[in-house]
Structures are given as C-alpha cells and as structure tokens.
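So that the names make sense, note that chain A is the first sequence line, chain B the second, and so on, each numbered from 1. Bear in mind the structure is a predicted one, so any value in this text is a computation, not a measurement. These values consider heavy atoms only, across backbone and side chains, with no hydrogens, waters or symmetry-generated copies.
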Amino acid sequence: MAKKLPKRSEDYSKWYNELVVRAGLAENSGVRGMMVIKPYGYAIWEKMQAQLDKMFKETGHQNAYFPLLIPMSYFAKEAQHVEGFAKEAAVVTHYRLRTTADGKGIEVDPAAKLEEPLIIRPTSETIIWDTYRRWIQSYRDLPVLVNQWANVMRWEMRTRLFLRTAEFLWQEGHTAHETKDEAVREAEQMIDVYAEFARDYMAMPVIRGVKTPTERFAGAEETYTIEALMQDGKALQSGTSHFLGQNFAKAFDVKYLSREGKLEYVWATSWGVSTRLMGALVMTHSDDNGLVLPPKLAPIQVVIIPIFRKAEQLEQISAKAREIMDKLRAKGISVKYDDSDNYKPGWKFNEYELKGVPVRIAIGPRDLENGTVEVARRDTLEKFVIPSEGIDLYVENLLDKIQNNLYERALAYRNEHITSVDSFEEFKDVLENKGGFVLAHWDGTAETEAKIKELTKATIRCIPLDFDTSEEGKDILTGKPSKRRVLFAKAY
RNA sequence: CGGGAUGUAGCGCAGUCCGGUUAGCGCACCACGUUAGGGACGUGGGGGUCGCAGGUUCAAAUCCUGUCAUCCCGACCA
C-alpha cells in the first residue's frame, strides 16, 4: 500500500517536494544543496532542451562551450557583476590532495595552492567576453550569436528542488552586436522566444516585462523577464534576457573596426533559462494525484495497461496492444506498454497518474469482446470507452486537446489572479488572501520598492510589456504621482 | 551568517529521558502460492560497524566530551 501524496491545498511546499521525488523527477543528493536529476526528470528536461535549441538555431544562433572555471580577476573587471555574484561564489584554491600524517585520511596539500583562485562559474559573461575580445576585430565579425548549454553554481544558503539548487543546468546565450538597436532587438527577440516556448510547449502563460533597476541582472542596462504564476499564488521568474549595453565590452576591451573605420565597443546581450523551468512545469499543472505533463513535453505520451487474469488473456490483449502501439508510433506518438505482472492494474493507474502521462489506455477481456478500449485523460481524469478501430486518430486528437486545455486552464487561473488595487490596504489584503499578481501604482523610486518589499514581501516582478498599464495615478504607499501600474507579487 | 532540529536496514520511523538477553516496526527487496476493470493477500526469507572519534561502566543505540553531516525557519538569490 503506497502512500498518497500530501494534499496540494494543505501544504503546497510539502506537496511539491514529495511530488517531485515520487514522480521520479529529482531528489536531494545529500550533498549541500545539490540535486540529483533522475532519468524521468532528465527526459523531460531533454525535451525542453531539444525544442529550445531548435528555436535558438531558427533565430540564427550556434552552440559553443566555455570553461567551468574562471580566474577570480575576471570578475573584478565589471563592478556591478562582482557585487551581484560575489556572495554566492564557490572558489577553487588548491589542485592537489595528500594523505594525512597518520596515513588514515586525506587533506588539502598546502603546497598546491593556486596563485590565483578560480571561481566555479555562476554565469559565464566574464570568460565569454574575455574570449570574444580575440574573436572580434571588425564589423565583419559581427554579430556573434552563441549559446552554451552548461551547468553553473551559485552557493545558495537555502535550496529547493529545481527552483533553487546550488548547481543547476541551463543555457546561456551571449551575443555581440554592432549597434545598440540591434542588441536591444536581440534581447527582445529572445524573451519572445522564451514566452513562445512557455506558451506552446509548457502550456504555461507568462507575462513579459522589464525589471526595475534594483531587480536587474548584475551588469545589465535592461533586463527582460517572463513571469509565470504558480498554483499557490506566487510568481516565478522563468526566463530572462538582458541588454548589457557596452558594459562588458568596455570591461573586457572588446572593440571592432566599424564600417566608418573607427574603433568602437560592441553591444551585448545575454539570456538564459534553467532547470527551474522544471519546477515551473510542475507548479503550473499538477494536482493531488501527481504530475500533469503537457503532451508536447511528456517523455511517455500514452501508456497502455493490460487487464488480465490468465496468461492466455494476456497474450490476446498484448496482440491488440501491439497493434495499437504500432498505429500510434506511426503517428510519432511515444507509447509505453506496461505488461509487468508484479503490480495490479490499479497500482499502475495511480503510478502513471503520479508520473503525469497524458493518456492512458486500458485493455481488458471485456474490451476484446466489444472491440473497444478504455481511454483516460490525465488533465481531467475523465474516462471514455472508445472503439479500438480509429484509436490512433482519437488519441492524436486527444493529445492536442489536452495540450490546449492545460494552457487554457492555466491562463484562466492566471487571469483571475491579476488584481488591480489602488490602496495599500487593498494591496496587502490581496497578497495575503487571494495571492497572485497585483497591478498597482509605484512612484518609481528604489526606496519605495524596498519599503513595500519589507512590509509585504512582495516585489515588483516587472513593468509589463504584454498589456498597457500606463495611466495617471498615485503610488499605493507614498501617494506620489505615477504614470503607470507595475506588476507586484510574492515570488519564489 | 543568526535561530531550531535530526543522524538507527534501500526509504520512512520507534527505541535514547530512566544503560541490561539475539536492536524493533512499516514500506521496499527475494522465493512460492493465490490474486488482477482504481495503490491485493498469505507463508517463508535476506539485509544493521545505531553518523564518526574518544571517554564512563561488569554492561552503551541509550550517559559524557568532541567532531562531521543533513534538514527546517530567517537574511540573500534564476
């Protein structure tokens, strides 16, 4: 008798943690805040990677790989950048161990101290710009449109599976351009790519916007973000794209000979999404029975479960199942047939629901007699008895329906949780009792932003780009004039 | 970095206060049998340096000292 998941409505964190572990996505490794991504979780990440990679290439980018370790001095070159990452840097200081005097253990060999410590990359801007200096001589070398898939490390004090781990997987795009306009367009293009990916593949609605100066990436002149809303009413920053101006070009002396024959600094962008998207996926769609995966990212889209008593029955059912599998696979649908006999059908039903498989087909003796199968959809938990004749078309169509339904459902929830408020009382009330995004007037100062954060734990997620929020108003805290509403929320 | 907990079988825990046969339970695992349309049951079985190192004692999972690690709550962050 396996235990049920905790109820989502009772303790969202506990539900999330247990779901991630039990569905086979990931677990804590027992080493600091390091996470093990398990095969099933990694399979989902690989599907995300494949689609994102395709979209990057369609927008003209190429992949490359840069070193894991970065000399400490590189970080010192861009002042804001150091400040942003210094507090969470893992540092390599030695390159050798030796056995202890008593011969029982090992210790760091003090003789093997590095002259300059190396930093395990928290992000790769510095080493990449140091490299780009050598790559870029003239306007003919531009633009440089490179992405890398990598791991990075940020020594976070407190971690949560996928949402904040000390080491995480991500992609980071780093581009160099001739003009400011071109770089800004690139940063905007990539946030659009992320928004499109979230909508069309993750079935996750997001709000595009720009960050306030305090929430900006360390070293950026503008940070574009996509903000998603989780089921517990908290926001999750799901992807960012930065216009870096000429900050890194100047710090790393990356100049090119322009069309006019003058030496100019290049304009830069960087953009990234991480395994945090896995957490976003879980917290957008899942329910008390477990994970709910959008068909486009599900490693297994359809599972077939035989129901049988005797071996002869299993043979007949398996023949039928194979026929259906062949038809589904011919349509590019990934199918698993689970004819294992160590678990009963009821156990399997629960197990594949926990894993979020979008469609389940059950075939039993009754179905063989009637020429039918039982089809269950994960998103609504509805079951239908369907003639097995046109099952491939039915399932193909159903997968699309589920994909759309998940998006529509998440969108409806998200839209219900955007609230406009005009007073601080109302602001606090919505944050505490309803949750979600709050559109409110802000006087534009960092002081007010900090004060509101201190009082309510809510931060300005972004100044939205997807809808017009400009109107005259008064700051909810200070009463000072404001020209537009901004988007607040408590965030992960 | 401040506060609080916990380390006992693969996982989850009891036992520790008040020291005493062979360290126990649930799940998982193995074998056999019965079962199978929403998390089956029976019988038998395997698996432990009680985090680590010292100390007290006739006797330590239990008491003492030290140490290491992990988790939770804060501040910080994709």
Q. What integer number of Å spans the P atoms of B:A36 and B:A40?
A. 12 Å
Q. Taking CD from A:Gln313 and C1' from B:G37, how many angstroms apart are they, rounded to a whole number?
A. 12 Å
Q.
Both conditions, 6.0 Å and 45 degrees, for the charged tip of A:Lys234 above the ring of A:Tyr492: are they met here?
A. yes
Q. Roughly how far apart, to the nearest Å, are B:G39 and B:G46 at atom C1'?
A. 25 Å
**Q.** Pairing nucleotide - B:G47, Watson-Crick or G-U, each distance under 3.5 Å
**A.** none
Q. So do A:Met325 and A:Lys336 actually touch side chain to side chain, heavy atoms under 4.5 Å?
A. no
Q. A:Asp341 has a side chain; which of B:G38, B:G39, B:A36 sits nearest to it?
A. B:A36
Q. What is the distance from CD of A:Glu156 to C1' of B:A75, rounded to the nearest Å?
A. 12 Å
(Q) Only pairs with both distances under 3.5 Å count, Watson-Crick or wobble alike; so what is the partner of B:U6 in this structure? (A) B:A69
Q: Any strand is fair game: report the nucleotide pairing with B:G54 by Watson-Crick or G-U wobble, both distances under 3.5 Å, or none.
A: B:C64
Q) Counting any heavy atom closer than 4.0 Å, what does A:Lys310 reach on the DNA or RNA strands: base, sugar-phosphate only, or nothing? A) nothing
Q. Closer to the 5' end of RNA chain B via nearest nucleotide, is it A:Ser13 or A:Gln237?
A. A:Ser13
Q: Have a look at A:Phe168 and say if it touches a base, only the backbone sugar-phosphate, or nothing, with a 4.0 Å heavy-atom cut-off.
A: base
Q. Could you state the CG-P distance from A:Leu163 to B:C77, rounded to the nearest angstrom?
A. 16 Å
Q: Starting from P on B:G37, measure out to CD1 on A:Ile386 and report it in whole angstrom.
A: 21 Å
Q) Has A:Lys211 got its NZ or CZ under 6.0 Å from the middle of the six-membered ring of A:Tyr224, at an angle within 45 degrees of the ring axis? A) no
Q: Please determine if A:Glu353 and A:Arg378 form a salt bridge, counting it only when a charged side-chain N lies under 4.0 Å from a carboxylate O.
A: no
Q. Could you state the NZ-C1' distance from A:Lys453 to B:A75, rounded to the nearest angstrom?
A. 10 Å
(Q) Measuring from the side chain of A:Asn350 (C-beta onward, heavy atoms only), which nucleotide among B:A78, B:G37, B:G38 has the closest atom? (A) B:G38
Q) If we take the P atom in both B:G24 and B:U67, what is their distance in whole Å? A) 34 Å
Q: Indicate whether the side chain of A:Gln189 and that of A:Glu186 have a donor and an acceptor atom separated by less than 3.5 Å.
A: yes
Q: Would you mind classifying the nucleic acid contact of A:Thr240 as base, sugar-phosphate or nothing, using non-hydrogen atoms under 4.0 angstrom?
A: nothing
Q) Can you tell me if the side-chain N/O atoms of A:Lys344 get under 4.0 Å from OP1 or OP2 in B:G37? A) yes
Q: Quote, to the nearest angstrom, the C1' distance that separates B:G26 from B:U21.
A: 25 Å
Q: Determine the Euclidean distance between corresponding P atoms of B:G54 and B:G2; express it in Å to zero decimal places.
A: 30 Å
Q) OP1, OP2 of B:A78 versus side-chain N and O of A:Arg164: anything below 4.0 Å? A) no
Polar atoms only, N or O, under 3.5 Å: list the protein pairs with nucleotides 68-72 of chain B and their distances.
| from | atom 1 | to | atom 2 | distance (Å) |
| --- | --- | --- | --- | --- |
| B:U70 | OP1 | A:Arg32 | N | 2.8 |
| B:C71 | OP1 | A:Arg32 | O | 3.1 |

Q. Quick one: does A:Lys348 reach the base of B:G37 with a side-chain donor-acceptor pair under 3.5 Å?
A. no
Q: Go through B:G74, B:C77, B:G39 for me and flag the one nearest to the A:Glu88 side chain.
A: B:C77
Q: Classify the nucleic acid contact of A:Thr165 as base, sugar-phosphate or nothing, counting any heavy atom under 4.0 Å across all strands shown.
A: base
Q) Separation of A:Glu125 atom CD from B:A78 atom P, in whole Å? A) 12 Å
Q.
Which residue in the set A:Ile305, A:Ile304, A:Val302 passes side chain to side chain contact (heavy atoms under 4.5 Å, CB included) when paired with A:Tyr337?
A. A:Ile304
**Q.** Gap between atoms NZ and P, on A:Lys87 and B:C77 respectively (whole Å)
**A.** 6 Å
Q: Measure the acute angle between the ring planes of A:Trp347 and A:Tyr343, then classify it against the limits of 30° and 60° as parallel, tilted or perpendicular.
A: parallel
Q.
Taking only the C1' atom of each, what is the distance from B:G42 to B:C50 in whole angstrom?
A. 32 Å
(Q) I'd like to know if A:Arg309 reaches the base of B:G37 with its side chain, counting only an N/O donor and acceptor under 3.5 Å. (A) no
Q | Rounded distance (Å) that lies between atom P of B:G33 and atom CG of A:Asn342 | A | 15 Å
(Q) Could you tell me how far B:U8 sits from B:U49 if I compare only their C1' atoms? Round to whole Å. (A) 12 Å
Q: For nucleotides B:G66 and B:G48, find the distance between their P atoms and express it as a whole number of Å.
A: 32 Å
Q) Which base, if any, makes a Watson-Crick or G-U wobble pair with B:C13, both distances under 3.5 Å? A) B:G24
(Q) Testing A:Asn147, A:Asn63, A:Asp53 one by one against A:Gln171 for a side-chain hydrogen bond (donor to acceptor under 3.5 Å, both in side chains), which residue passes? (A) A:Asn147
